[in-house]
K.L.:
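Below are the structure tokens for one structure; questions will follow.
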Amino acid sequence: MIGERLVVRDVHRTFGVGATAVEALRGVSLEVAPGELVAVRGRSGSGKTSLLNVIGGLDRCDSGSVHLGEREVTAMSDNELLALRRGPVSYVFQSFGLVPILTARENVGVPLRLRGVDPRDRERRVTEALEHVGLAGHGEHRPDELSGGQQQRVGLARALVAEPGLLLADEPTGQLDSETAREIMALIARLATERAMTTLVTTHDPVLLSAADRVVEIADGVVTAAAPGVRVGGGAG
Amino acid sequence: MSGARLLRRRLRTHPVAVAAIVVSVLMALVVVTALQLLAAAITEAGVRSTLDVPPASRSLVLAGSLKPGDLDPVDTAFRRAVQRLPDVTVTRVGTTTTRALPSGAATDRAFLADVAGIDTAADLTDGRWPVAPDDAAAAGDGTVEVALPQPAAEALGLAVGDELETADLVDEDAPPVTLELVGVFRPRSPQDALWVDLPLGLSGVTTTDFTTYGPFVLAPGTFDGPLVGSSAVTWRATPDLGVVGAAELRALGRDVDAAARDLRRATGLPEQAGAAGAAAPAGLALRGPRVTTSLPGLVDAAGLVGDRIRVSLLTPVLLLALLGAVALVGSAALLATLRDGETRLLRTRGASTARLAALAAGDACAVALLGVLGTLLLAPGVTRLAAGLPGPWWTPADAADPALWRALLPLVTLAVLVTVATTLWVGRAARGATTGAGRRRGARFAAGSGLDLLLVLLGALAAVQLRRYDTAGATTVDPLTAAAPALVVAGLAVVCLRLLPPVARWVSRAGVGRAGLDAAWGGWQFARRAASQGGTLLLVLLAVGMGTIALGHSATVGRAVEDQSAFEAGAPVRVVRGISGGDALGTGALATAVSGGPERVSPVWRSVVDLGGIDDVTVLGVDAATAGRVADPRPDTLGAATWQDLTGRLLQARDVGGGVELPGDPRELELTVRVEGAGSLQRFGVGFPASAHVRDSRGLVTSLPLGGLSATARTVSTDLTGRDLQPPLALVGVSVPVPGFVAFRAPEATMVLDVQAVFVDGVEVPTGGALAEASDQRGLWRAAAPAALDAVPVVLTREVADALQAGAGRSVVLPLGVRDLTVSVVGVVDSLPTAATPTRAVLLDLPTAMALPDRTEAGAVRSRAVFDPGEWWSAPPDPAAAAARLRADGAYGTVAVVRDELVADRRDDPVNAGMRSAMLLVTAASVVLAMVGFAASTAALGRARRHENAVLLALGMPTRRIRRVLAAERVLVVVVTVLVGLLLGVVAALVVVPLLVGGDGHAQVPSVRVVLPPLVLGGYVTVLLLCLSAVGALVLRASVHHLAGQLREGEPS
Ligand SMILES: Nc1ncnc2c1ncn2[C@@H]1O[C@H](COP(=O)(O)OP(=O)(O)O)[C@@H](O)[C@H]1O
Ligand SMILES: [Mg+2]
């Protein structure tokens, strides 16, 4: 699948009511071109995760809209959102999100099994995905037999195997040492480029931002700045 | 915050987990306590039923001979020795040689007895009991007061007030003694111990070569005077054991030993029964003293019954305690996990481990308190209900029962410890979870330590021990033996836990390859997490195992009760003739009448003899033509053959020989007979009683009294009506016994029996010289031509065959007491019904045995009616009605053993009934505990998997489907575990159930065969599956939610 255009317009999200209410997103607007790799930077609590969850359909916003290609994510039913995550949108988690009892191959195969892909086809694609992330020889290993970096590679392979148009990675290097973190960022960048996949990565680590096409800064639920030479905020037109 | 409020808040926060803990604790406490109370109740019932034996089997006897004047010191010593026994009844019987009755035939005898305590065993029907004469009067006119049993008084035609003279048989010059009948009595029960020492009291008359009447019961102490030279005296002390319970057994045993020891010491016997060594000088003038008692054996047997019941119930108690502990661990772990956050918070605020332990202990104590209250309210009622005891559900006195507290307190302590330990362990594991090492180390330790193998080994050892104990009848029960069944089950369960993961992998492989995720996911979880679900698996395994044992036990007891009753009865109804009395009582005719025809009844002759060096061999002579129909022994006791086949083989050689045919259905047989050469015997008071030997259609020979013969030809007759004679009949012999003293006093006399004519109902029938001379020293005989028969076919039990070294096809001579019998072995079986020792018995065809030629020394050959049937095995159309008629119309002492009645008795036996309810109680409790534990572990599972499930949700799997996959996985776990558990239960039941059956004190003969009813087990398993599935589905519905929230909260990890 080829990367899709992502358009986020004036998204608001408030948690809780009354005195304890927290406004996590206060009118975020953002546009990502197909195949573009955008890094979202911001301090902890600034609303990065909330934004990614709304985009990926794990959460619903209070107002505003999210478009992915021709589809309006914010208008989808629960089932459509599930279908979205089985298809064009893939996640990479900070803590890898691997199932400990499954081998690397089996973990990578889960999205394909969810889609009912034919076993022969599935195995071929799993092998390819593992080769892409450089884990060709580690297919039969369980997560606890792999290093943190290797585990996140498996997480990446699992996200790629479904050939998404949009890859959402919420602090994918948060639990890795800086050396490994750089490797993973480089890998994400390479894969995004190779596959022309629209990619949104959040991080609070400035060191990792160099791999991105563009960096968006977010603070207190609003987009505050963008890296030089990069368009910021404001709608498609 | 006050402790109580903190506690309340802690218990309220997670109501489901707290409820699971409370139910586990309550269920385990109530049922285990109730089981222990039940064990005590059943033990009590078992001890009582064991001690409830005929008086003769629970008495202490001193016997010896005494000279007049020596009675009092011995009597006093005996009474002093036995007075320590509970409610003891003492009887004393003194006998001496019989005396002649001058009024009747030369062979009439009077049997005199000096009896103390006869009023404890007999009721007067007329007159009064005799009283001791003054010394002067006794010496003077020689009239002695006596009482007679009713049949004896009737036979002699005596009434109260009559007198009769008796003569000394040894000393012809001694003056006659005049007896005055002052009372007529009737025995209260043939079971009373006195009649063991005075058997004639039951029948009044016995006929051997002599006809003996009596006992002429004299006043106590009469033989201590000048009437006799010496007498044989038997003292019998019979305690009332109805007042003895399990608690008093030990004291009873001590008292019995002390009484026996005192008597042995006083009479100069060695103190230990059978001990060698010089006897101490006797203090008492009792010659040839013997002290015998079956009481110690009885007390031991009762103690063993108590032990057996405790051992039997130990299995369910231990298993249920284990089940309760596992359920409790699961529930407590769930609660601790749910509180993980709170605990962390407390820790960060600086709470020490001691403080956390104190909090956990506080929770546990609150739950324990609830458990104690619940147990106090419920356990007594449950016990009464299960034991079938009367009484209200609850009385205040129940709460004060020390037995209840004895059972409850250790359990409560255990419950508190288990809860606290689990909470702390979960806390530690949670802290160690970041490395993941803690839990894994624990698991590896449990598996690697070989705990399971050790358990299995112990279980196997204990089972072997139990088998030995079961067969050898050991008198003590060691702890290992007692715990064996529980060890076997627990060991097998742990083995199953080990085997489950590979089985699960194998089972799940089917689903993993396919395209979809659901089957693969369930398979992965099941296969790769089976080991971590040990708690759930153990619960379900134990519950299914327990249920299988309980249901198997119930069915097996039912089957054993039927088998054993059938074995004891032999036939649907077994009629046993009253003590002695001969066929004149008409029992055979009555038995045939109530059976609905001769083809439904087999006359049986029974004798217990020593054969080939083993004693207690029961010889059963049956009518093999009908025995094949009326009896039906369990096929597996008969070796390779069938019962029909065996009785058929017994019939092979049947040949009855010649005889004078008596046409029609004769009512009276008349013979013209005389005894040649009897003249020289006139002085002995001639009147030799002759007998006619008549064979009926079945080949059974009956001897019928003809009355006295004399030297001149006389027509004598006998009544054929009212006898068990099936026409056509044949006369096969006429005999006259010659008393030994006649041959001794007149050896020169040569006598010949001459049968001149035979009449049937007044019409002469030709004899055709069929009756040939066949006399010997013991009697004058005329006999028909014998059957052409060399040996009687017999079936032996293996033990007898081995002792006689006679396999099938061999011929041996059996010395049967009444005559030696040449037999050929046609079959060998394991056991035969109704035999005193089941594995020691001989079965033969009575008509064949009667027809076997009996050779006299002179070479003459005849058939003799030496085998007089005393039993009739019957298969009446309506056994209950037949039994009722037998009891109403049968002669005094007739016993009807009814198979269905035995079955009902045994089924209602308190031990069997109590064990059955105990097992059902355990089954119900184990199902509930399994459900609670399963609910807790499912809830814990929902929580433990929440991260994984959140990932699945993020990957686009609907919550509904996630829940369905989880449910499918649980169902798979339960189904496989239940099936494995069923297998385990079957194996365990085969080992354990035979040991559980048979605490009721009945001999387990034939051996217990385990019955596992497939329909019942299937139903149980289905119900359990449905219950567990429902519980699982409910809990999953509640626990798999807010997965999206889980994702939002931050990182699925
Ligand atoms: N489920 C929730 N309930 C309440 N508040 C939330 C929830 N999720 C996030 N928040 C709040 O929203 C704000 C933004 O959080 P988040 O998007 O997780 O920030 P970031 O990922 O940049 O660290 C924070 O103040 C956080 O406390
Ligand atoms: Mg975040």
Side-chain angles (χ1 to χ4, degrees), chain A residues 13 15 24 44 49-50 52-54 56-60 78-103 106-107 109-123 142-144 155 158-159 161-162 168 170-171 174-175, chain B residues 433-437 439-440 501 504-505 508-509 511-533 941 944-962 965-966 969 1042-1053:
Chain A
R13 177 70 170 104
F15 293 105
S44 180
T49 299
S50 301
L52 251 60
N53 282 356
V54 169
L58 284 175
D59 195 9
R60 289 181 184 279
D78 283 352
N79 281 337
E80 284 167 333
L81 288 177
L82 287 167
L84 185 76
R85 294 202 298 274
R86 286 199 298 271
V89 178
S90 277
Y91 267 96
V92 173
F93 304 99
Q94 175 180 357
S95 52
F96 323 134
L98 300 181
V99 182
I101 55 166
L102 303 191
T103 62
E106 286 162 348
N107 265 299
V110 167
L112 298 180
R113 284 182 185 268
L114 258 176
R115 290 157 71 177
V117 172
D118 170 74
R120 286 225 311 282
D121 195 17
R122 179 183 73 211
E123 291 309 302
R142 299 261 177 105
D144 62 359
R158 184 176 63 188
V161 78
L168 299 173
D170 191 6
E171 309 209 25
Q175 289 189 5
Chain B
T434 35
T435 61
R439 194 179 298 240
R440 247 174 289 134
R505 266 198 288 285
S508 67
R509 199 165 296 156
V512 170
R514 283 198 249 117
L517 180 63
D518 303 25
W521 188 260
W524 281 327
Q525 294 289 3
F526 179 41
R528 300 183 189 172
R529 287 205 163 117
S532 73
Q533 297 194 6
L941 190 78
R945 301 267 180 87
R946 66 193 190 280
H947 297 307
E948 264 165 54
N949 292 334
V951 169
L952 286 179
L953 186 71
L955 292 178
M957 190 164 180
T959 313
R960 215 171 350 98
R961 210 167 136 198
I962 295 177
V965 170
L966 270 178
E969 177 205 332
H1042 303 317
L1043 282 179
Q1046 177 67 41
L1047 277 176
R1048 264 197 306 274
E1049 268 166 30
E1051 294 298 324
S1053 57

K.L.:
Using the test side-chain contact (heavy atoms from CB on, under 4.5 Å), find all partners of B/V965 that sit at least two apart in sequence or belong to another chain.
P.N.:
B/D518, B/W521, B/M957
K.L.:
side-chain contact (heavy atoms from CB on, under 4.5 Å) between A/R158 and B/V951: does it pass, once the steps are laid out?
P.N.:
CA-CA 11 Å; A/R158 184 176 63 188; B/V951 169; 3.7 Å; yes
K.L.:
Would B/R961 and A/L114 satisfy side-chain contact (heavy atoms from CB on, under 4.5 Å), going step by step from the backbone distance to the final call?
P.N.:
CA-CA 11 Å; B/R961 210 167 136 198; A/L114 258 176; 3.8 Å; yes
K.L.:
Between B/A520 and A/R113, which heavy-atom pair has the shortest distance, and what is it?
P.N.:
CB-NH1, 3.3 Å
K.L.:
Less than 4.5 Å to any heavy atom of chain B: does that hold for the side chain of A/L102, its backbone, both, or neither?
P.N.:
both
K.L.:
Check A/V99, A/T103, A/I101 against B/W524 for a side chain to side chain contact (heavy atoms under 4.5 Å, CB included) and give me the one that passes.
P.N.:
A/I101
K.L.:
Specify the closest pair of heavy atoms between B/E948 and A/P100, including all atoms of both residues, with the distance to one decimal.
P.N.:
OE2-CD, 3.7 Å
K.L.:
Can you tell me how far CG of B/L953 sits from CG of A/L81, rounded to the nearest 0.5 angstrom?
P.N.:
10.5 Å
K.L.:
Looking only at non-hydrogen atoms, find the nearest pair between A/Y91 and B/A954 and report the distance.
P.N.:
CD1-O, 4.2 Å
